[in-house]
K.L.:
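Supplied in structure tokens, the structure appears directly below.
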Amino acid sequence: TKDPVYPIKTYQAFEHPDEEKMVDPMSAFLELMAKIKKEEFVGIHIILRPADKDEWVTNKKTLELLEKIKKPSAKPSSPDDLFSKFTIRTPGETAVLEAVENNLSKPPFDTIIRFMYVSPRDIFYDSYARRGFLGIFNQYSSLDLNGFRINYDISTRTQVYDYPFIFARTRNTYRKQRMMYMFRGRITPPDSWIGKWITSYWFNSAFGFKSFKLNTEGVASLFHPPTAMVLTAPHIHRIESKKAGPPAGLAIFGDEEAIERFTNNKK
């Protein structure tokens, strides 16, 4: 929803010293996906490509945005004010600046998130795909930072009042075909203008495909094994395990003769 320098709400915002008050975002995914029927298919792709960190931090747009964030909104009442030489920021502005600087300090990825819902027509439930999963991704959103939204330029819902205003059903069919093709092949769209122009077709432009920057902390927040507090049965079975120390008679260090004998044998 904003420039990628603004981070999403990460796992640190969901952690709490009290285990009963902790929230694992994966529980919402599992709960919603548990509602699919046998004939339905649901798939989520999170495609990552390592991005150039230096280019992300030092490009002109990022530097201008950082300067804008660093400027305090509070202004002195007059130039002769005693506190006019001091920087005055609200607690919210300070928190946003810290979050942005923390976001830029971690390696970024060019990220693409795809969601596909396939179902027979008689049991197709449109709100499950468009509202259910959008609500799940909204748990990572924050009004003063960043969040996720649907890319309607490539969405499989087309209307007559959308450009180019004709053949809405044909354009919808082309979008579904391209989405299926890219989903099965895990294909990433080209970044260059000429690449998007070459891969564009009649009533199916490739210029709507977009990627965004997401750092390692954001990636770990989106996808991770469910914690022990998440109820995964019967969909994911857990294997009980425990930690144990090494055997009592395990040799760790030996004397000099043992070391020399070992090295001689190796030779």
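Model, not experiment: these values are computed from the prediction.
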K.L.:
Run the salt bridge (charged side-chain N to carboxylate O under 4.0 Å, His left out) test against D52 and tell me which residues pass, sequence neighbours left out.
P.N.:
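Expected list: none.
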K.L.:
Could you measure the distance from the CG atom of L30 to the CE atom of M26? Nearest 0.5 Å is fine.
P.N.:
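Rounded to the nearest 0.5 Å, the CG-CE separation comes out at 5.5 Å.
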K.L.:
When you compare the side chain of R114 with that of I47, does any pair of heavy atoms fall below 4.5 Å?
P.N.:
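The answer is yes; the side chains approach within 4.5 Å.
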K.L.:
Return the NZ to CZ distance between K176 and R171, rounded to the nearest 0.5 Å.
P.N.:
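Between atom NZ of K176 and atom CZ of R171 there are 13.0 Å.
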K.L.:
With side chains defined as the heavy atoms from C-beta onward, is the minimum distance between I136 and N138 less than 4.5 Å?
P.N.:
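They are not in contact (no side-chain heavy atoms under 4.5 Å apart), so the answer is no.
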K.L.:
Can you run down the ring-ring contact (aromatic ring centres under 6.0 Å, His included) pairs that involve residues 26-71, sequence neighbours left out, and say none if there aren't any?
P.N.:
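Sorted pair list: F29-F137, H45-F183.
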K.L.:
Would you find a donor on one side and an acceptor on the other, under 3.5 Å apart, between the side chain of E98 and the backbone of A95?
P.N.:
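Absent.
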K.L.:
Does a donor on one side chain and an acceptor on the other come within less than 3.5 Å for T156 and N172?
P.N.:
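Checked: T156/N172 side chains show no N/O donor-acceptor pair below 3.5 Å.
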K.L.:
Looking at I123, I want to see if its CD1 is surrounded by more than 12 non-hydrogen atoms of other residues, nucleotides or ligands under 6.0 Å.
P.N.:
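Enclosed: over 12 neighbouring heavy atoms sit under 6.0 Å from CD1 of I123.
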K.L.:
What's the spacing between I150 CD1 and F133 CZ if we round to 0.5 Å?
P.N.:
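With rounding to 0.5 Å, CD1 (I150) is 12.0 Å from CZ (F133).
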K.L.:
Considering only heavy atoms from C-beta outward, does the side chain of I8 approach that of L145 to under 4.5 Å?
P.N.:
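Side-chain contact under 4.5 Å: no.
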K.L.:
Any side-chain heavy atom of K68 sitting closer than 4.5 Å to one from E64?
P.N.:
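No, side chains not in contact.
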K.L.:
Are F212 and Y140 grouped together when hydrophobic residues (ILVMFWY) are joined by side-chain heavy atoms under 4.5 angstrom apart?
P.N.:
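Yes, same cluster.
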K.L.:
Judged by atom type as modelled, is there a donor-acceptor pair below 3.5 Å linking the side chain of S205 to the main-chain atoms of Y201?
P.N.:
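Such a contact is absent between S205 side chain and Y201 backbone.
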K.L.:
For W197, what are the other residues in its hydrophobic cluster, where any two members join if their side-chain heavy atoms are less than 4.5 angstrom apart?
P.N.:
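Via sub-4.5 Å side-chain contacts, W197 links to W193, I194, I198, F207.
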K.L.:
Output every pair passing salt bridge (charged side-chain N to carboxylate O under 4.0 Å, His left out) with a member in residues 130-152, not counting sequence neighbours, ordered by first then second residue.
P.N.:
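Applying salt bridge (charged side-chain N to carboxylate O under 4.0 Å, His left out) to every pair that reaches into residues 130-152, excluding sequence neighbours, yields D126-R130.
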K.L.:
So V5 and N146, do their side chains get closer than 4.5 Å, heavy atoms only?
P.N.:
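N146 vs V5: side chains apart.
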K.L.:
Crowded around F148 CZ? As in, over 12 foreign heavy atoms under 6.0 Å?
P.N.:
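Yes.
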K.L.:
Let me confirm one number: the OH-NZ distance from Y125 to K35, rounded to the nearest 0.5 Å.
P.N.:
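Separation between the atoms: 9.0 Å.
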K.L.:
Is there a continuous path of hydrophobic side-chain contacts, each under 4.5 Å between heavy atoms, that joins I36 to F115?
P.N.:
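Cluster IDs for I36 and F115 match.
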K.L.:
Taking the side chain from S200 and the backbone from A206, do they hold a donor-acceptor pair closer than 3.5 Å?
P.N.:
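Checking the backbone N and O of A206 against the side chain of S200, a donor-acceptor pair under 3.5 Å is found.
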K.L.:
For the side chain of S155 and the backbone of N151, is there at least one donor-acceptor N/O pair under 3.5 Å apart?
P.N.:
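No; zero donor-acceptor contacts below 3.5 Å.
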K.L.:
Can you name the closest pair of heavy atoms from P7 and A99 and give their distance?
P.N.:
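Smallest interatomic distance, heavy atoms only, reads CG-O, 3.6 Å.
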K.L.:
Test of understanding: with ring-ring contact (aromatic ring centres under 6.0 Å, His included), list the residues that count as partners of Y117, not counting sequence neighbours.
P.N.:
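With sequence neighbours excluded, Y117 shows a ring-ring contact (aromatic ring centres under 6.0 Å, His included) to F124, Y128, given in chain and number order.
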K.L.:
Return the CE to CD1 distance between M116 and I44, rounded to the nearest 0.5 Å.
P.N.:
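Rounded to the nearest 0.5 Å, the CE-CD1 separation comes to 12.0 Å.
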K.L.:
Under a single-linkage definition using a 4.5 Å side-chain heavy-atom cutoff for Ile, Leu, Val, Met, Phe, Trp and Tyr, are M182 and I154 assigned to the same hydrophobic cluster?
P.N.:
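Yes, it is one cluster - the side chains of M182 and I154 are joined through contacts under 4.5 Å.
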K.L.:
With rounding to the nearest 0.5 Å, note down the distance linking CD1 in I187 to CZ in R178.
P.N.:
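Reported to 0.5 Å precision, the distance equals 9.5 Å.
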K.L.:
Report, one line per pair, each donor and acceptor closer than 3.5 Å where one atom sits in a side chain of residues 213-222; sequence neighbours left out.
P.N.:
unit_1: K213; atom_1: NZ; unit_2: D110; atom_2: OD1; d: 3.1
unit_1: N215; atom_1: OD1; unit_2: E217; atom_2: N; d: 3.3
unit_1: N215; atom_1: OD1; unit_2: G218; atom_2: N; d: 2.9
unit_1: N215; atom_1: ND2; unit_2: N103; atom_2: O; d: 3.3
unit_1: N215; atom_1: ND2; unit_2: N103; atom_2: OD1; d: 2.9
unit_1: E217; atom_1: OE1; unit_2: K106; atom_2: NZ; d: 3.4
unit_1: E217; atom_1: OE2; unit_2: T10; atom_2: OG1; d: 2.6
unit_1: S221; atom_1: OG; unit_2: Y11; atom_2: N; d: 2.8
unit_1: S221; atom_1: OG; unit_2: E217; atom_2: O; d: 2.8

K.L.:
Can you check whether T58 reaches K53 side chain to side chain, under 4.5 Å on heavy atoms?
P.N.:
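No, their side chains stay 4.5 Å or more apart.
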K.L.:
Is there side-chain contact between T62 and V57, with heavy atoms separated by less than 4.5 Å?
P.N.:
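Answer no - side chains too far apart.
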K.L.:
What closest approach, in Å, do F209 and K196 show between heavy atoms, and which atom pair accounts for it?
P.N.:
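Between these two residues, the closest heavy atoms are O-NZ, 3.4 Å.
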K.L.:
Does any N or O in the side chain of R175 come within less than 3.5 Å of the main-chain N or O of D153, such that one atom is a donor and the other an acceptor?
P.N.:
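Yes, because the side chain of R175 sits within donor-acceptor range (under 3.5 Å) of the backbone of D153.
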K.L.:
Which heavy-atom pair separates A28 from Q139 by the least distance, and what is that distance?
P.N.:
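Closest approach of A28 to Q139: CB-NE2, 3.9 Å.
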K.L.:
Where is the tightest heavy-atom contact between S141 and K9, given as atom of each residue plus distance?
P.N.:
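In terms of heavy atoms, the two residues are closest at O-CE, 3.6 Å.
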